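It should be emphasised that the depicted structure is a prediction, and the values quoted were computed from it without experimental measurement.
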Amino acid sequence: MSEDATLSDLDPEAVRSALVEWYEADHREFPWRRTTDPYEILVSEVMSQQTQLDRVVDAWAAFLDRWPTVDALAAADRSDVVAFWSDQRLGYNNRARYLHEAAGQVVDDFDGEWPRTPADLQELMGVGPYTANAVASFAFDAGDAVVDTNVKRVLYRAFGLDDDDTAFEAVASELMPAGESRVWNNAIMELGGVACQQRPRCDEAGCPWREWCHAYETGDFTAPDVPTQPEFEGSRRQFRGRVVRILGEYDELTLDELGPRIRVDYAPDGEYGREWLRGLLSDLADDGLIDVEDRDGTAVTRLRE
DNA sequence: GTCCGGTTCA
DNA sequence: TGAACCGGAC
């Protein structure tokens, strides 16, 4: 699907401002979101690629405590940097080496003057397209749209794109408000991080794109990085448990509201759709756990009193 | 035991 | 294009 066909019937300004306002109203606080120092940003990005964000917080602070500036890192012994990385259990020890080497490049090749554009930043060792855009955005507010797996998942679901990197790139940059890469890339990655996760939390997180979202409309929350056949083992029992747990959190739900919360590949008319869900629910009803009621042709279910 | 991730290198 | 890197979550 091309971006024109996908986005033509949307008001891009409304889509943009909805996301930015959602982000600005409330988001997770990470210490690296309070700095625009490119060195500090680069360290946080390299760490974040491989490690859960809450673990990065401590490692990032410790790293900057030990090597507070790019000059300090460039002057350090490589072995000390690698040893630190290993001690912090950051994985991929090569990245410590890359980071050290990148610091040397900034000092020597760029005379201590940080490259500011994604293209120039990519000359640094260990800095690929993702990291270059992240640093350009968060340090200099001069990046292009970031496309990582979170962003792909968001775009794939919201706009029904194909799983195709060219399409993701095109839509991502068309969507990004010009010159606002800092807030935009923070916002769209926050959306992927707290709302549009592998298991979607559209309502819980108050996703600002629900009114436009293709997946929210169809109930099909598949995504490139989401396994299409979750948990083959114990499937039925596992899904019965999920139904009861989810219904405990809600008063009542229609099939299409419940389905996506049970399994991310729920699609109303798909293999795991209304038919499949009805079968599951009738077993649970037979066991006296839930009630299923037809209301104006729509099945509604709730826990039995 | 399997999967995840951005980059380098062959 | 795909293997390799590494530790944690599940």
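A salt bridge does not link A:R210 to A:E217: none of the charged nitrogens lies less than 4.0 Å from a carboxylate oxygen.
Figure legend: cation-pi geometry between A:R157 and A:W209 absent, as NZ or CZ is not positioned both under 6.0 Å from the six-membered ring centre and within 45° of its axis.
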Would A:Y250 and A:R302 satisfy side-chain hydrogen bond (donor to acceptor under 3.5 Å, both in side chains), going step by step from the backbone distance to the final call? CA-CA 8 Å; A:Y250 294 85; A:R302 58 194 307 153; over 6 Å; no

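Atom CZ in A:R199 sits roughly 18 Å away from atom P in C:dA9 (whole-Å rounding). Nucleotide B:dT8 holds its P atom 10 Å from the CD atom of A:E101, rounded to whole Å. Nucleotide B:dT7 holds its P atom 11 Å from the CG atom of A:L42, rounded to whole Å. In this entry the distance linking CG of A:D165 with C1' of B:dG5 reads 14 Å, nearest Å. The CD atom of A:Q105 sits 14 Å away from the C1' atom of B:dT7 (whole-angstrom rounding). In this structure, OH of A:Y130 is placed 15 Å from C1' of B:dC4, rounded to the nearest angstrom. Straight-line distance from the CZ atom of A:R242 to the C1' atom of C:dC10: 12 Å, rounded to whole Å. Atom CE of A:M189 is separated from atom C1' of B:dG5 by 14 Å (rounded to the nearest Å).
Between the side chains of A:Q50 and A:R95, at least one donor N or O sits under 3.5 Å from an acceptor N or O.
By the 30° and 60° cut-offs, the orientation of the rings of A:Y216 relative to A:F221 is perpendicular. Using the six-membered ring where Trp is involved, A:Y272 and A:W276 have ring planes that are perpendicular, over 60° apart on the 30 and 60° scheme.
A:T149 has a side-chain polar atom (N or O) that falls below the 4.0 Å cut-off from OP1 or OP2 of B:dG5.
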Would you tabulate the pairs of protein nitrogen or oxygen atoms and nucleotide nitrogen or oxygen atoms of nucleotides 4-8 of chain C closer than 3.5 angstrom?
from  : atom 1 : to    : atom 2 : distance (Å)
C:dC5 : N3     : A:Y92 : OH     : 3.4
C:dC6 : OP1    : A:N93 : N      : 3.0
C:dC6 : O4'    : A:Y92 : N      : 2.9
C:dC6 : N3     : A:Y92 : OH     : 3.3

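Heavy-atom nearest nucleotides on DNA chain B were determined for A:R153 and for A:L124, and the one closer to the 5' end corresponds to A:R153. Heavy-atom nearest nucleotides on DNA chain B were determined for A:T51 and for A:G126, and the one closer to the 5' end corresponds to A:T51.
Residue-level contact check: A:V127 touches the backbone only, with heavy atoms under 4.0 Å from sugar-phosphate atoms and none from bases.
Side-chain atoms of A:Q198 lie closest to B:dC4 of the nucleotides B:dT8, B:dC4, B:dG6.
Between A:F63 and A:F84, a ring centre-to-centre spacing shorter than 6.0 Å is recorded.
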